Protein chains: 2
Amino acid sequence: MTTRRRRSPRGSGEQLREEIIDAAMGLLEECADAEAVSIRAVAESVGITPPAIYLHFTDKDGLLDAVCGRYFEGLDSALGAAQAAHDHPLDQALAMGRAYVRFALDHPAVYRFAFGHTGVDPTPMVDEALRTAAFVRLAGAVTDLVGLGWYPDPASPAEGVAVEVQMALEMWTVAHGVASLMIAKPDLPWGEDLRVAESVMRATCLGRGLLPMVGEHARGPEVQRFVRELRGGDADRAQ
Amino acid sequence: MTTRRRRSPRGSGEQLREEIIDAAMGLLEECADAEAVSIRAVAESVGITPPAIYLHFTDKDGLLDAVCGRYFEGLDSALGAAQAAHDHPLDQALAMGRAYVRFALDHPAVYRFAFGHTGVDPTPMVDEALRTAAFVRLAGAVTDLVGLGWYPDPASPAEGVAVEVQMALEMWTVAHGVASLMIAKPDLPWGEDLRVAESVMRATCLGRGLLPMVGEHARGPEVQRFVRELRGGDADRAQ
DNA sequence: TGTACATCAGTGAACGCGCGTTCACTGATGTAC
DNA sequence: TGTACATCAGTGAACGCGCGTTCACTGATGTAC
């Protein structure tokens with residue numbers, strides 16, 4: 001049992017609420033297991049009694065939702081910083097991918113928890129995904145790329161889904177794959193830092209642009225220009 | 001309570017063991033939640049009493065390990081069939097990627113459970129991964145591709161890890177990303193069947209080969225040959 | 001073929017535990033006069 | 001400035017529950033004679 005905390009003054013209920021979220025997030029990371037995060041453990045960690053939690057959250061799910069919300073806020077903030085550090089949308093997209101993986105690795109247990117439930121929720125997941133600021137941010141950079149002609153519309157657009165949404169989804173998939181597998185299997189030969197992430201994201205960006213481009217007739221110079229541009233700013237882009 | 005089952009004859013303890021694994025796997029898929037799989041629920045599903053489980057497994061973890069083992073057996077078998085259906089190692093790699101995603105989507109809860117724990121286990125994970133037949137199979141196809149000159153050794157080999165291991169790891173990452181995110185967010189605009197998986201895996205194969213190839217000097221015809229070959233057998237490769 | 005017996009797969013009841021949540025309460029904080 | 005009082009953030013004790021696991025047991029199965 002930690003020391004008893006001073007009672008909050010009248011108007012500042014919000015502060016304890018934040019402390020509870022902090023504690024829950026800390027326990028989740030510490031134990032690396034969502035089942036170990038109990039109302040009792042969170043309360044003890046904050047220095048209050050279990051029932052006090054219910055003054056700030058309707059139930060345990062409410063608390064865990066808040067933890068996820070906190071994570072996504074931080075994620076969007078990290079992606080925003082990564083985006084702001086670059087001008088070209090390709091650099092922005094790659095930087096956001098790196099930031100995404102890095103942020104996930106910094107909060108592995110929360111990340112696993114946030115993506116460890118099926119999407120059969122009350123809230124439809126499409127809306128949730130679109131409302132997720134992080135995904136919108138990524139899709140924005142990809143849209144800019146399409147606008148620059150890097151990713152021409154495919155010959156056969158699939159099911160009326162915009163090409164930039166498809167591509168943002170694929171980039172998200174790749175970043176998620178790296179983050180998720182690095183968390184699940186940290187002892188695989190990942191090499192130093194984000195080497196694999198960098199390589200696979202770059203390969204996807206390159207290959208994804210080339211696939212439709214060479215579909216009907218292989219346009220040599222165009223392919224080479226594309227490749228040169230993608231490879232051009234390596235030194236600047238490497239973080 | 002289901003009907004009481006006939007007692008197994010003397011030598012056939014193995015059969016009930018398999019039935020218990022089946023039941024646990026079924027419950028896991030049904031509830032889509034590992035916490036819902038209790039010893040009691042499994043026992044009731046099989047038609048035995050809880051203590052009988054302990055005649056076949058040391059404890060609950062032992063049972064869940066066996067469930068994962070069953071999954072990985074099936075996965076390797078599915079990948080084997082996919083591989084056997086093609087001659088060219090690139091076709092084999094892509095087919096195995098598709099089979100990986102398809103098999104994961106067929107057992108979403110088990111997949112999530114198998115990848116939902118950190119690798120800080122007694123068994124070192126590198127060994128486990130290398131012993132995993134499925135990964136060895138994929139790495140084999142990639143090794144064949146390297147042998148055919150599709151993926152030349154990089155100018156700067158990273159940390160002494162063989163290029164084919166790096167590439168197999170990246171392909172695994174991509175397939176895992178698709179499977180994992182499709183399971184976690186089924187309502188995203190994935191399109192029909194494995195469209196996104198097909199696209200992103202193909203893009204990775206293409207871009208991954210091009211990245212080192214154009215590193216020092218952009219070799220035009222070589223790039224085009226590569227691209228043509230990759231795109232050549234579309235009709236044959238589409239499942 | 002018939003009977004006594006050893007084996008051991010599975011049972012029934014119970015254990016201790018930690019959990020999420022409730023409810024009547026307490027007592028420090030801030031306010032009205 | 002001093003006092004009585006309302007508010008409400010947090011407490012303490014308890015609830016019912018389902019869990020993993022144990023242990024002495026039962027009784028069908030197979031075997032020895």
Side-chain angles (χ1 to χ4, degrees), chain A residues 1-28 30-68 109 113 117, chain B residues 1-28 30-68 109 113 117:
Chain A
M1 168 106 53
T2 58
T3 60
R4 174 70 57 80
R5 44 174 287 127
R6 285 185 60 84
R7 174 185 174 150
S8 297
R10 203 58 75 88
S12 63
E14 197 62 20
Q15 182 194 332
L16 179 53
R17 190 190 140 91
E18 296 303 305
E19 278 183 56
I20 293 171
I21 298 177
D22 282 343
M25 213 160 170
L27 277 172
L28 188 50
E30 200 173 305
C31 311
D33 183 9
E35 301 185 40
V37 179
S38 66
I39 291 284
R40 284 168 153 88
V42 172
E44 186 185 357
S45 167
V46 177
I48 55 177
T49 58
I53 303 246
Y54 293 88
L55 295 172
H56 301 273
F57 303 92
T58 62
D59 56 10
K60 194 186 179 186
D61 280 344
L63 170 54
L64 291 175
D65 279 356
V67 170
C68 288
F113 176 77
H117 298 101
Chain B
M1 170 103 57
T2 58
T3 61
R4 175 70 56 81
R5 42 174 288 127
R6 285 186 60 85
R7 172 185 176 151
S8 296
R10 202 57 74 87
S12 62
E14 197 63 20
Q15 182 194 332
L16 179 52
R17 190 190 141 91
E18 296 304 305
E19 278 183 55
I20 293 171
I21 297 177
D22 282 343
M25 211 159 171
L27 277 171
L28 188 52
E30 200 173 306
C31 311
D33 183 8
E35 301 185 39
V37 179
S38 65
I39 292 284
R40 285 168 153 88
V42 172
E44 185 185 358
S45 167
V46 177
I48 56 178
T49 59
I53 305 246
Y54 292 88
L55 296 172
H56 302 273
F57 302 93
T58 62
D59 55 10
K60 195 187 178 184
D61 279 345
L63 170 56
L64 291 176
D65 279 356
V67 169
C68 288
F113 176 77
H117 298 100

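Scope of the values below: all heavy atoms of this structure, side chains included, with no hydrogens, waters or symmetry mates. Below, chains carry the letters A, B, ... as their sequence lines are ordered, and counting in each starts from 1. Only a predicted model underlies this, so the values are computations on that prediction, with no experimental measurement involved.
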Atom [atom1] of [X] and atom [atom2] of [N]: how far apart are they, to the nearest Å?
X: B:Glu35; N: C:dG18; atom1: CD; atom2: P; value: 17 Å
X: B:Gln15; N: C:dG10; atom1: CD; atom2: C1'; value: 15 Å
X: A:Leu55; N: C:dT26; atom1: CG; atom2: C1'; value: 14 Å
X: A:Glu14; N: D:dA9; atom1: CD; atom2: P; value: 12 Å
X: A:Phe57; N: D:dG10; atom1: CZ; atom2: P; value: 12 Å
X: B:Leu63; N: D:dC19; atom1: CG; atom2: P; value: 14 Å

Pairing of DNA chain C as dot-bracket, 5' to 3': ( ) intra-strand, [ ] crossing, | other strand, . unpaired, with Watson-Crick or G-U pairs under 3.5 Å? .||||||||||||||||||||||||||||||||
For A:Phe113, check ring-ring contact (aromatic ring centres under 6.0 Å, His included) against everything at least two apart and list the hits.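 Once residues adjacent in sequence are excluded, the partners of A:Phe113 under the ring-ring contact (aromatic ring centres under 6.0 Å, His included) criterion are A:His117.
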Every protein N/O within reach of nucleotides 20-23 of chain C N/O, cut-off under 3.5 Å:
{"unit_1": "C:dG20", "atom_1": "OP1", "unit_2": "A:Ile39", "atom_2": "N", "d": "3.4"}
{"unit_1": "C:dG20", "atom_1": "OP1", "unit_2": "A:Lys60", "atom_2": "NZ", "d": "2.8"}
{"unit_1": "C:dG20", "atom_1": "OP2", "unit_2": "A:Ile39", "atom_2": "N", "d": "3.0"}
{"unit_1": "C:dG20", "atom_1": "N7", "unit_2": "A:Arg40", "atom_2": "NH1", "d": "2.4"}
{"unit_1": "C:dG20", "atom_1": "O6", "unit_2": "A:Arg40", "atom_2": "NH1", "d": "3.4"}
{"unit_1": "C:dG20", "atom_1": "O6", "unit_2": "A:Arg40", "atom_2": "NH2", "d": "2.9"}
{"unit_1": "C:dT21", "atom_1": "OP2", "unit_2": "A:Tyr54", "atom_2": "OH", "d": "2.6"}
{"unit_1": "C:dT21", "atom_1": "OP2", "unit_2": "A:Lys60", "atom_2": "N", "d": "3.1"}
{"unit_1": "C:dT21", "atom_1": "O5'", "unit_2": "A:Tyr54", "atom_2": "OH", "d": "3.2"}

What residues form a salt bridge (charged side-chain N to carboxylate O under 4.0 Å, His left out) with B:Asp59, not counting sequence neighbours?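 With neighbours one apart ignored, the set is empty.
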Which pair of heavy atoms, one from [X] and one from [Y], lies closest together, and at what distance?
X: B:Ser45; Y: B:Leu27; value: CB-CD1, 4.3 Å
X: A:Ala66; Y: A:Phe57; value: CB-CE2, 3.7 Å
X: A:Val46; Y: A:Ala23; value: CG2-CB, 3.4 Å
X: A:Ile53; Y: A:Ala43; value: CD1-N, 4.0 Å

Only one of A:Arg17, A:Glu19, A:Glu18 passes side-chain hydrogen bond (donor to acceptor under 3.5 Å, both in side chains) with A:Gln15; say which it is.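 Among A:Arg17, A:Glu19, A:Glu18, the one that satisfies the side-chain hydrogen bond (donor to acceptor under 3.5 Å, both in side chains) with A:Gln15 is A:Glu19.
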With a 3.5 Å cut-off and sequence neighbours excluded, list the donor-acceptor pairs that the side chains of residues 32-41 of chain A form with protein atoms.
{"unit_1": "A:Asp33", "atom_1": "OD1", "unit_2": "A:Glu35", "atom_2": "N", "d": "3.2"}
{"unit_1": "A:Ser38", "atom_1": "OG", "unit_2": "A:Ala41", "atom_2": "N", "d": "3.0"}

May I ask you to verify if any side-chain N or O of B:His56 is less than 4.0 angstrom from the OP1 or OP2 atom of C:dG10?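 Yes.
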